[in-house]
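Bear in mind that the values here come from a model prediction, so they are computed numbers and not experimental data. These numbers come from the heavy atoms of this one structure, side chains and all, not from hydrogens, waters or symmetry mates. We number each residue from 1, following the sequence as shown.
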Amino acid sequence: MENILILDFGSQTTQLIGRRIRDLGVYTEIIPGDTLLTDTLLAGVRGIILSGSPESVYIPEATVPDPQIYTCGIPLLGICYGLQRMTADLGGLVEALPRREYGGVEVQVRLPGAGESLTDQAWRFFAGFDCAIPLARLIAERPGPSSIPSTLTFTAWMSHGDTLTRFAPGFREYGKSRTGFPAVVIHQGEEPQPWFGLQFHPEVSHCERGQEILAAFVFGVCACEVSWTMEHYLEQLNQTLAEQIGTSPVLLLISGGVDSAVAGALLLKSLDPEQVHLMYMDTGLMRKDETKTVQAALEGLGARHLHIVHGETAFLSALKGVEDPEGKRKIIGDIFIRLQEQEVARLGLPDTYFLVQGTLYTDLIESGKGVGKKAHLIKSHHNVGSPLVKAKREAGRIIEPLDKLYKDEVRRLGRLLALDEELVCRHPFPGPGLAVRILGEVTPEKCDILREADALYIAELKKRRSPGGKRLYDEIWQAFTVLLPIRSVGVAGDVRKYGWVLSLRAVVSTDGMTADVYPFPMKDLLEISTLITNTVKDIGRVTYDVSSKPPATIEWE
């Protein structure tokens, strides 16, 4: 199958590049940036993308691609570090910026002047910047950018501290940021090569024309055909799971969220239900009535082996006095696996069983587990970074069938598996549960307070409608409440009292890698705040978190 190959140099958005191209209907494969490019690996490859990276090309330990990338004749697109890597490898110079370019930055693109010519591939690449050409037409017709004016501007998304101070031979600048640094670079030497570079991230949803620019490279430059769908991905997953697992028992740790529910439905569809064991652990850190909801949902999936474990005492006892977020996550992860091992022993499953988790790519990325070795740790996930999980991973006994997908892709997969829409659309919930939504020490009393407040908040979002008639809950990517480790003075009747401070969080996103604050109608925000303070007696004050991602994360811890 023809595909686009992506070299991963450790960017937080490498998988997002692949996901955007999959959305266009073209298969992608992601490999470490320094992988040897054999003829077998390059078979069917129509284009190669060099990803971004948290590193700089001029440091000794910077990852360098196989030099064959520049002699194989396959079109190249360098994104951020990828462009800088191409520049450094081919004789240019990259140096640190006096001031980092970050976030939305205006870029101006120019067309060639009189006497300057472009290859057909370069013209087709420019079609992605043409606001007069919609994405559907780019995919179907692959037009040249005849309608582009001599210059145009758009808002790109940047995240870099280096810039090109000398172009490699044959490269020319066709776009620059408002601060005057190169943003679009194309090879147009005496023997033009199909090499393109962007000093911004078209894969990020905040980048204007980002998907169109990628489509121009994939369809216009690389001449790919639309040939890949989620249905095809599901077929591959079914085949892979059947081959990998065979007749061995499998145990899936179910949280009740979308990811583990989809993983469960996938196992039950791909394997004999008799070999599938679903284990749900009530940690005491769950949402209100979570255990009842989860049990009903799993029974509805047709599960024949459902194991409910009550571990509230073990988790809450171990968390006593612990305030550090990473400490909480590691404690929860270790107890989770320890109790799971005890329960497995009690169930009598053989040593050959496989442990399956609903880990998503964003979990791996934030835990520093990209395709290569250069991703940076943002936060530990209990199903990724704990010592016991690492040991099982090294033993080859963990399967994560969703680890190449983002949340909205998992929802699409869930619909293909005929899961209930209310479950498919459920907002994300962190593996460590309320422990990372209670800042500071976790206690049973705080869990009860937060559970009640959160249940009220979510119920109101499901009741209330936007001006367009849609439920607020469905307009929001993720909404939840956070209990702060401070009390604030208030008045209840004529009595002075101190109550806990609660923060409401609501963001909109498409993939969880970036997120904007949901612009609540003030009437709804005020009424929800009043309802919470009037109903949950220990809450004295409610705030609304207005931080986007980046620089903040969606969760507080």
Side-chain angles (χ1 to χ4, degrees), residues 1 15 18-19 22-23 25 27-28 227-281 287 290-308 353-364 383 398-431 471 473-474 477-478 509-512:
M1 179 188 298
Q15 184 72 17
R19 173 274 169 86
R22 291 200 299 264
D23 282 349
Y27 183 66
T28 60
S227 59
W228 189 88
T229 64
M230 185 59 76
E231 287 83 357
H232 182 267
Y233 186 71
L234 177 57
E235 291 176 9
Q236 287 184 316
L237 276 179
N238 288 335
Q239 180 179 348
T240 300
L241 287 172
E243 292 175 352
Q244 188 172 6
I245 295 172
T247 59
S248 298
V250 296
L251 175 65
L252 171 65
L253 304 179
I254 286 277
S255 69
V258 177
D259 308 333
S260 59
V262 171
L266 180 62
L267 291 175
L268 292 168
K269 181 179 179 65
S270 304
L271 307 172
D272 181 350
E274 281 295 338
Q275 69 185 107
V276 178
H277 294 258
L278 305 176
M279 180 177 289
Y280 168 79
M281 193 172 299
R287 290 170 283 198
E290 186 83 4
T291 301
K292 294 178 182 177
T293 302
V294 168
Q295 185 167 357
L298 294 179
E299 289 173 350
L301 288 174
R304 298 180 185 176
H305 303 292
L306 173 59
H307 314 288
I308 305 293
Y353 84 92
F354 284 88
L355 176 63
V356 181
Q357 298 189 129
T359 313
L360 302 192
Y361 191 77
T362 44
D363 301 334
L364 295 172
N383 57 348
I398 287 183
I399 294 177
E400 294 164 310
L402 308 181
D403 65 351
K404 298 293 190 295
L405 301 179
Y406 283 77
K407 180 69 73 174
D408 59 322
E409 291 182 308
V410 171
R411 297 190 200 281
R412 287 163 54 193
L413 183 58
R415 293 185 179 98
L416 282 179
L417 293 166
L419 283 175
D420 180 78
E421 184 66 19
E422 193 67 25
L423 179 57
V424 169
C425 291
R426 199 174 194 193
H427 288 184
F429 187 65
R471 294 192 311 176
Y473 185 84
D474 296 326
W477 162 272
Q478 188 173 2
S509 179
T510 57
D511 45 58

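- A salt bridge does not link R412 with D408: none of the charged nitrogens is closer than 4.0 Å to a carboxylate oxygen.
- A donor atom on one side chain and an acceptor atom on the other are found under 3.5 Å apart for T291 and Y280.
- Side-chain atoms of R411 come within 3.5 Å of backbone atoms of R426 as a donor-acceptor pair (strictly under, hydrogens ignored).
- In plain terms, the two heavy atoms of P428 and K407 that are nearest each other are CG-CE, 3.6 Å.
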> Hey, mind stepping through E231 and L416 against side-chain contact (heavy atoms from CB on, under 4.5 Å) and telling me if it holds?
Replying inline: CA-CA 8 Å; E231 287 83 357; L416 282 179; 3.6 Å; yes
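- With a 4.5 Å cut-off on side-chain heavy atoms, R22 and E409 count as touching.
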Table please: side-chain donor-acceptor pairs of residues 262-272 below 3.5 Å, with sequence neighbours left out.
| from | atom 1 | to | atom 2 | distance (Å) |
| --- | --- | --- | --- | --- |
| S270 | OG | N238 | OD1 | 2.5 |
| S270 | OG | L266 | O | 2.9 |
| D272 | OD1 | E274 | N | 3.0 |

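- Q244 meets the side chain to side chain donor-acceptor pair (under 3.5 Å) test with no other residue; sequence neighbours excluded.
- What you find for R415 and C425 is that their closest heavy atoms are NH2-SG, 3.6 Å.
- V356 approaches P401 most closely through the heavy-atom pair CG1-CD, 3.7 Å.
- Closest heavy-atom contact between A303 and L278: CB-CD1, 3.4 Å.
- Using modelled atom types, no side-chain atom of Q478 and backbone atom of H427 make a donor-acceptor pair closer than 3.5 Å.
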